[in-house]
Trainee: 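This is the structure I want to talk about, given as structure tokens.
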Amino acid sequence: MPKFEYAPAPESRSIASIAESYGLFIDGKFTDTVDGRMFKTISPASEEVLAEVTEAGPADVDRAVTAARRAYEQTWAPMPPAQRSKYLFRIARIIQERARELAVLESLDNGKPIRESRDTDIPLVAAHFFYYAGWADKLEYAGYGTSPKPLGVAGQVIPWNFPMLMLAWKIAPALACGNTVVLKPAETTPLTALAFAEICQQADLPPGVVNIVTGAGDTGRALVEHPGIDKVAFTGSTEVGKQIAKACARAHKKNTLELGGKAANIVFEDAPVDQAVEGIVNGIFFNQGHVCCAGSRLLVQESVYEQVIDALKHRMEKLRIGDPLDKNTDIGAINSAAQLAKIRELSKVGEEEGAARWSPPCELPAHGFWFPPTIFTGVSQAHRIAREEIFGPVLSVLTFRTPEEAIQKANNTPYGLSAGVWTEKGSLILWMAARLRAGVVWANTFNRFDPASPFGGYKESGYGREGGRHGLEAYLDV
Ligand code: NDP
């Protein structure tokens, strides 16, 4: 069948206005740095400079924490919970109203396809604020005592893969529980967090309740180690997570960590192959594979191996890679040159270790950071590409014969964030789910998120839960 050709359908970028330069959002205002410096944020799809952003120094972080403390003691914690709830509902509504603009901004700064930022990221951001707005005045029914208390000032550090969604996962429950926050977005994706600062102003949120300090790892470290922080929430690499866990243990700070993953997506012989292939594609190529819960290890039952791989390759030939703002794009840009180098390096190791590499023929844009959708077959459990998080559009394929073998292989990882099971048998789904050491197990679907559903890991994937009633615990003194 001839391949269907699509005319370009770019979303207009004029809906997102980007300032030339951004200060830090402290105590309800954008302010200049005291001891930091400026850096540039670029579009990973074109390497074009989007804006100049502030790298906050320790004195800036201190100002932000001081503002958050004052707001906590004088305004936010004493406020009647129903009032807090109103602010959160207001923020959620403004996010909905500005959804198109925020989606464009996210795709420009992060490189993800507009179809994903428009249909997944930003709607989930609004849903998260709506969900926790509803909890704010019902905390005594959450199962954490009759009068649950907030912790104080939360220091929150988030990564670049879902910039605004991770902000929502951190800020919405913290505020609903009566805490104030200082948040540091990732160095490569600060723009939607700065837009969120404007939304806080638009919502008349009292000054100091939300503070945004942009910067890199040093700014994150200064925030985590600041003595005025009562609780740390981090999403990112396991390596940095371990450093943060140590710093928090030394200072007796409560902390929650959401770290890496190497999830198994397990396809049994009775699974509907076409649906499973959609789930495999969604599991590893959604957001260029920059997903902590990505289904990066495909485990296929031996009896259907060839059928599944043929169907997968056929489907991958149809994936469109290119301009993130084009509504037809399936795979956008890799977020940074450093991440691209890591993906290239691990893919090279995969070949050297003897696995067979395959990508569909596809043209990559001349500028920016790109990596084609790739699968490795003939992968063994000892291979680095089966053990390490690649965090890119690269799938390692392994096989199994029995459910017991699938469990052994799926659990043979230091991580434990998510897993997927594809089968027609409900009993097998339940049998597998009870044995998989993963915080989330999807059945006949993958990468599904809902604000009411808790999310988090086992082992080196971190501890604590975000989302749902469980997500409140991380921000309450229980
Ligand atoms: P990091 O863990 O370094 O980044 C996450 C956040 O932590 C960023 O805001 C970062 O700032 C900040 N940070 C970095 N060092 C420190 C520190 N010592 N103290 C406090 N905060 C710090 O992830 P990378 O961006 O370096 O990505 C590396 C790998 O991590 C990826 O290839 C991927 O495998 C994994 N990863 C996993 C994620 C997940 O969701 N589980 C998300 C992102 C990455 P800055 O961005 O400026 O460095």
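As the structure lists them, so they are numbered: ligands from 1, and atoms in each ligand from 1. Note that the coordinates shown come from a computational prediction; the quantities given were computed from them, not determined experimentally.
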Trainee: Please report which non-hydrogen protein atom sits nearest to atom 11 (O) of ligand 1, along with the residue it belongs to and the distance in Å to one decimal place.
Mentor: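 For this ligand atom, the closest protein heavy atom is Lys184 NZ, 3.0 Å.
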
Trainee: Minimum heavy-atom separation for Ser359 to Pro373, with atom names?
Mentor: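 Looking at all heavy atoms of both residues, the closest pair is OG-O, 3.1 Å.
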
Trainee: In the protein, what heavy atom is nearest to atom 18 (N) of ligand 1, and what distance, to one decimal place, separates them?
Mentor: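 Result: Gln243 OE1, 3.2 Å.
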
Trainee: Got the closest protein heavy atom to atom 46 (O) of ligand 1, with its distance?
Mentor: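 The closest one turns out to be Glu187 N, 3.1 Å.
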
Trainee: Give the residue and atom name of whichever protein heavy atom lies nearest to atom 16 (C) of ligand 1, and the separation in Å to one decimal.
Mentor: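 Nearest neighbour among protein heavy atoms for atom 16 (C) of ligand 1, to 0.1 Å: Val240 CG1, 3.4 Å.
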
Trainee: Show me which atoms of ligand 1 lie under 4.0 Å from any heavy atom of Gly260.
Mentor: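 Atoms satisfying the 4.0 Å criterion: 41 (N).
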
Trainee: On a heavy-atom basis, which atom in Leu205 and which in Val210 lie closest, and how many Å separate them?
Mentor: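 The pair with the smallest heavy-atom distance is CD2-CG2, 3.6 Å.
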
Trainee: Hey, could you give me the NZ/CZ distance between Lys342 and Phe371, rounded to the nearest 0.5 Å?
Mentor: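 Taking NZ in Lys342 and CZ in Phe371, the distance rounds to 13.0 Å.
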
Trainee: Write out the residue and atom name of the closest protein heavy atom to atom 43 (C) of ligand 1, then the distance separating them to 0.1 Å.
Mentor: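 The protein heavy atom lying closest is Pro159 CB, 3.5 Å.
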
Trainee: Just going by heavy-atom distances, which of Phe39, Trp160, Phe391 is nearest to atom 27 (O) of ligand 1?
Mentor: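 It is Trp160 whose heavy atom sits nearest to atom 27 (O) of ligand 1.
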
Trainee: With heavy atoms only and a cut-off of under 4.0 Å, state how Lys342 meets ligand 1: side chain, backbone, both or neither.
Mentor: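 Under 4.0 Å from ligand 1, Lys342 contributes side-chain atoms alone.
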
Trainee: More than 12 foreign heavy atoms under 6.0 Å from CZ of Arg469: is that the case here?
Mentor: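 Yes, enclosed.
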
Trainee: Could you label the plane-to-plane angle of the Trp442 and Phe446 rings as parallel, tilted or perpendicular, counting under 30° as parallel and over 60° as perpendicular?
Mentor: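 The arrangement is tilted - the two ring planes meet at 30° to 60°.
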
Trainee: Enter the distance from Met164:CE to Leu105:CG here, rounded to the nearest 0.5 Å.
Mentor: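 Taking CE in Met164 and CG in Leu105, the distance rounds to 9.0 Å.
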
Trainee: For a quick test of reading the model, state the closest non-hydrogen atom pair linking Ala355 to Phe376 and the distance between them.
Mentor: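 That closest heavy-atom pairing would be CB-CD2, 3.7 Å.
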
Trainee: To check your reading of the model: name the closest protein heavy atom to atom 30 (O) of ligand 1, its residue, and the distance in Å.
Mentor: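 Minimum-distance protein heavy atom for atom 30 (O) of ligand 1 reads Ser237 CB, 3.0 Å.
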
Trainee: In terms of atom number and element, which parts of ligand 1 are under 4.0 angstrom from non-hydrogen atoms of Val157?
Mentor: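 Near Val157, the atoms of ligand 1 are 6 (C), 7 (O), 9 (O), 12 (C), 21 (N).
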
Trainee: In ligand 1, which numbered atoms sit nearer than 4.0 Å to a non-hydrogen atom of Gly215?
Mentor: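 Selected atoms, number and element: 47 (O).
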
Trainee: Cys292 heavy atoms, cut-off 4.0 Å: which ligand 1 atoms fall inside?
Mentor: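 Reading through ligand 1 atom by atom, the close ones are 39 (C), 40 (O), 41 (N).
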
Trainee: Need the ligand 1 atom indices (1-based, order shown) with element for anything under 4.0 Å from a heavy-atom of Gln339.
Mentor: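 Result: 31 (C), 32 (O).
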
Trainee: Among protein heavy atoms, which lies nearest atom 48 (O) of ligand 1, and at what distance?
Mentor: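 Checked against all protein heavy atoms, atom 48 (O) of ligand 1 sits closest to Gly217 N, 3.9 Å.
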
Trainee: Tell me whether atom 21 (N) of ligand 1 lies less than 4.0 Å from at least one protein heavy-atom position.
Mentor: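 It does: a protein heavy atom is found less than 4.0 Å away from atom 21 (N) of ligand 1.
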
Trainee: Indicate yes or no: does Lys170 engage Glu466 in a salt bridge with an N to O separation below 4.0 Å.
Mentor: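 Yes, this pair counts.
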
Trainee: Looking at every non-hydrogen atom in both residues, tell me the closest pair between Phe162 and Asp121 and how far apart they are.
Mentor: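 Scanning both residues, the minimum pair turns out to be CD2-OD2, 3.3 Å.
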
Trainee: So for atom CG, which belongs to Asp32, do other residues, nucleotides or ligands contribute more than 12 heavy atoms lying within a distance under 6.0 Å?
Mentor: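 No.
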
Trainee: For ligand 1, which atoms have a heavy atom of Thr235 less than 4.0 angstrom away?
Mentor: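 It comes down to these atoms of ligand 1: 5 (C), 40 (O).
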
Trainee: Check the angle between the aromatic planes of Phe391 and Trp160 and answer parallel, tilted or perpendicular using the 30° and 60° thresholds.
Mentor: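 The arrangement is perpendicular - the two ring planes meet at more than 60°.
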
Trainee: Of the non-hydrogen atoms in Lys459 and Asn411, which two are nearest, and what is the gap between them?
Mentor: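 The pair with the smallest heavy-atom distance is NZ-O, 3.4 Å.
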
Trainee: Distance under 4.0 Å to a non-hydrogen atom of Gly220: what atoms of ligand 1 satisfy this?
Mentor: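 That gives atoms 19 (N), 20 (C), 21 (N) of ligand 1.
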
Trainee: Strictly under 4.0 Å, does any heavy atom of Phe162 approach an atom of ligand 1?
Mentor: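 Judged by the 4.0 Å heavy-atom criterion, Phe162 does not count as contacting ligand 1.
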
Trainee: Note the single closest protein heavy atom to atom 9 (O) of ligand 1, along with its residue, its atom name and the distance in Å.
Mentor: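 Nearest protein contact, heavy atoms only, for atom 9 (O) of ligand 1 is Ile158 O, 2.8 Å.
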
Trainee: Take atom 4 (O) of ligand 1 and look for protein heavy atoms under 4.0 Å from it; say yes if you find one, no if not.
Mentor: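 False for atom 4 (O) of ligand 1.
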
Trainee: Give the contacting part of Thr188 toward ligand 1: side chain, backbone, both or neither, where contact means a heavy-atom distance below 4.0 Å.
Mentor: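 No part of Thr188 comes within reach of ligand 1.
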
Trainee: Could you tell me which atoms of ligand 1, counted from 1 in the order shown, lie closer than 4.0 angstrom to a heavy atom of Leu259?
Mentor: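 Once the distances to Leu259 are compared, the set is 41 (N).
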
Trainee: Is it true that atom CD of Glu352 has more than 12 heavy atoms of other residues, nucleotides or ligands lying nearer than 6.0 Å?
Mentor: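 Counting neighbours around CD of Glu352, more than 12 heavy atoms of other residues, nucleotides or ligands fall under 6.0 Å, so yes.
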
